[in-house]
Colleague: 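Please read through the structure below; I'll follow up with questions.
Counting starts at 1 for both ligands and their atoms, in listed order. All residue numbers in this chain count up from 1 along the given sequence.
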Amino acid sequence: MQVPAHVAIIMDGNGRWAKSKGLPRTAGHVKGAANIYDMLHVADAMGIKYMTVYAFSTENWKRSQDEVMALMNLFRQYFKKSFEESKKNNVRIRVIGDKTALPDDLRDLIDEMEEFSKDFTGMQVQIALNYGSRDELRRAVTKIASEVKEGKLNPEDITEELISSHLDTAGIPDPDLLIRTSGEQRLSNYLLWQLAYTEFYYTDTHWPAFDKAELEKAIEWYNTRDRRYGNAKE
Ligand code: FPP
């Protein structure tokens, strides 16, 4: 079976999972966060090289203050834990999204985590945090426009590769497989540019209940697809 090199995940359904168990929404996020951790280990053992997970969108600030705070605390907790784990497993961790709007301490922690793991050559993990694809494209266009204004770049030099190299995912190959849990089939402003040739897989399972067997099922399904338009771009 062919294992996709890059799997992107929209981890939906933490709230619904909690509700189905009579628990508060934040309990769903706690279980969801623990599950990312478990699934990264599973993915690594399967030989998946890149994983990109949607942890917090630019729209998620609209949730209740309590829920936003609970999520920020989970990020703090797991990022602190990531130093030891990334070293042990040779995993590089990066955050994609607009970090400037995050609380100062969290941004500092992210900078440290990225710096600490930057030379690890095993699995490459991208965590999308305060991420929105349109915002990422807007930021990339701003950077490109500044380079043109400064005379470093000519408009004719703006190729697809140049645009890719100005995105938060610069240097990371596009995802081969996108998984969205919990029944929705929207893209929710996730990796719009990068998913141009990606296979989309949906499951009704809520993220906290998405396990090894579910990931294997997604990869089996991926193997039934004809990847004519994959990264190879025939
Ligand atoms: C969707 O559930 C999930 C999120 C808002 C983001 C995912 C966040 C985590 C898994 C927790 C922490 C992550 C890290 C990196 C430590 P939902 O609340 O939209 O569920 P619902 O649609 O059922 O309400």
Colleague: Any non-hydrogen atom of Ser182 lying under 4.0 Å from ligand 1?
Modeller: no

Colleague: For Lys81, does the NZ atom sit with more than 12 other heavy atoms under 6.0 Å from it, leaving out its own atoms?
Modeller: yes

Colleague: Which is it for Asp168 and Arg139 under the salt bridge (charged side-chain N to carboxylate O under 4.0 Å, His left out) test, yes or no, and what are the steps along the way?
Modeller: CA-CA 9 Å; Asp168 298 344; Arg139 287 184 286 109; 2.7 Å; yes

Colleague: Will you find, in the side chains of Thr100 and Asp98, an N or O donor that is under 3.5 Å from an N or O acceptor?
Modeller: yes

Colleague: When you measure from the heavy atoms of Phe75 to every atom of ligand 1, does any distance fall below 4.0 Å?
Modeller: yes

Colleague: Short list, please: which atoms of ligand 1 are under 4.0 Å from a heavy atom of Asp12?
Modeller: 1 (C), 2 (O), 17 (P), 19 (O), 20 (O), 22 (O)

Colleague: Compute the shortest N/O to N/O distance between Arg16 and ligand 1 and return yes if it is under 3.5 Å, no if not.
Modeller: yes

Colleague: Backbone or side chain, does any N or O of Tyr78 fall under 3.5 Å from an N or O of ligand 1?
Modeller: no

Colleague: Run the numbers for me: atoms of ligand 1, each under 4.0 Å from some heavy atom of Ile36, listed by number.
Modeller: 10 (C), 13 (C), 14 (C), 15 (C)

Colleague: Heavy atom of Gln77 under 4.0 Å from ligand 1?
Modeller: no

Colleague: Considering heavy atoms of the protein only, find what lies nearest to atom 11 (C) of ligand 1 and give residue, atom and distance to 0.1 Å.
Modeller: His29 O, 3.6 Å

Colleague: Using a cut-off of 6.0 Å, state whether more than 12 heavy atoms not belonging to Lys49 lie near its atom NZ.
Modeller: yes

Colleague: Answer yes or no for Arg63: is there a heavy-atom contact with ligand 1 below 4.0 Å?
Modeller: yes

Colleague: Below 3.5 Å, N or O to N or O, backbone or side chain included: is there any such pair between Gly15 and ligand 1?
Modeller: yes

Colleague: Between His41 and Tyr37, does the ring centre distance come in under 6.0 Å?
Modeller: yes

